[in-house]
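Just so it is clear, the model here is predicted, and its values are computed rather than measured. This chain uses plain numbering: 1 for the first residue, then up along the sequence.
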Amino acid sequence: MAFNMAQFYAEYVKAKVFCLFTEMDLKNVLARQVSGNSVLSYWRLLTPEVLENNEVIELYRTGERLREWVPRVAYAETGATSAKELVAHIKRVVDTFGAQVIVIDGANDLTYNIPPGHTKADVIHNFMAYLETFARENNLLVIVTVQLNREGDALGSGAYKRKASLYLKIEMDKAIAEESIVYQGMTYKVLPGQNSMNCLVKIEKNRRGPTGRKL
């Protein structure tokens, strides 16, 4: 959604857009941008050295199309910066680049000073109110994404770091004896009388794997 909004204002409104990404690095950002404007796979674009000739040709064609509006977009990989530092960064880009639209993806991964008796959701809400005032004073359109859980609490990438279990199951004919098979690197076992092979896998979730893919 953040990408689509940024591209809309840069391509069709002809506005200068400043995109800040708190979770993805620039390699992932650019790969998503190219993938969203072509038939190329996002995962393939993360390893451009393995692209085949037809994919390289499509990449070149996509680059030609992107050049029509990409110069009106500035990107920044902020990481877990503080909300205060983020606003200071935006001010600098507004002054130097002349940005008219600000896209922040997402507010959860910013670091906040949470006073006693307050929640992170409270602090993010106050930060949004501050951004609204900042936007009005500088005649800016500010678009911010925020992840919410079912209770409405703001969650950041820490939600992806919790340990989880993945339960895998293979249906089969009823087993006569104890058996096991290896399928895609996983060992499945079955006891006599059972009709499914089961495998319980412990997973450490995180934001991004070595190829940029979310695990």
Could you state the interatomic distance from [atom1] ([X]) to [atom2] ([Y]), rounded to the nearest 0.5 Å?
{"X": "Glu85", "Y": "Leu110", "atom1": "CD", "atom2": "CG", "result": "10.0 Å"}
{"X": "Ile104", "Y": "Met128", "atom1": "CD1", "atom2": "CE", "result": "7.5 Å"}
{"X": "Glu77", "Y": "Thr22", "atom1": "CD", "atom2": "OG1", "result": "10.0 Å"}
{"X": "Glu23", "Y": "Asn28", "atom1": "CD", "atom2": "CG", "result": "9.5 Å"}
{"X": "Lys84", "Y": "Asn113", "atom1": "NZ", "atom2": "CG", "result": "10.5 Å"}

CG/Asp95: more than 12 non-hydrogen atoms of other groups inside 6.0 Å: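 Yes, because the 6.0 Å sphere around CG of Asp95 holds more than 12 heavy atoms from other groups.
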Asn54 atom CG, over 12 foreign heavy atoms within 6.0 Å: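 Yes, the 6.0 Å shell around CG holds more than 12 heavy atoms from other groups.
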Pairing residues for Glu64 by the side-chain contact (heavy atoms from CB on, under 4.5 Å) criterion, not counting sequence neighbours: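 side-chain contact (heavy atoms from CB on, under 4.5 Å) check on Glu64 returns Tyr60, Arg67.
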Any pair counted as side-chain hydrogen bond (donor to acceptor under 3.5 Å, both in side chains), so long as it reaches residues 5-14, sequence neighbours left out: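 Qualifying pairs: Gln7-Glu11, Gln7-Asn37.
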Arg65/Thr62 under side-chain hydrogen bond (donor to acceptor under 3.5 Å, both in side chains): CA gap, chis, key distance, verdict: CA-CA 5 Å; Arg65 293 193 297 270; Thr62 303; 3.2 Å; yes
Test ring-ring contact (aromatic ring centres under 6.0 Å, His included) applied to Phe127 and Phe134, step by step: CA-CA 10 Å; Phe127 175 63; Phe134 172 75; 9.7 Å; no
Side chain to side chain contact (heavy atoms under 4.5 Å, CB included) partner of Cys19, chosen from Asp105, Ile102, Val103, Val101: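 Of Asp105, Ile102, Val103, Val101, side chain to side chain contact (heavy atoms under 4.5 Å, CB included) with Cys19 is met by Val103 alone.
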Side-chain donor/acceptor of Ser35 to backbone N/O of Ala31, under 3.5 Å: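 No, Ser35 side chain to Ala31 backbone: no donor-acceptor pair under 3.5 Å.
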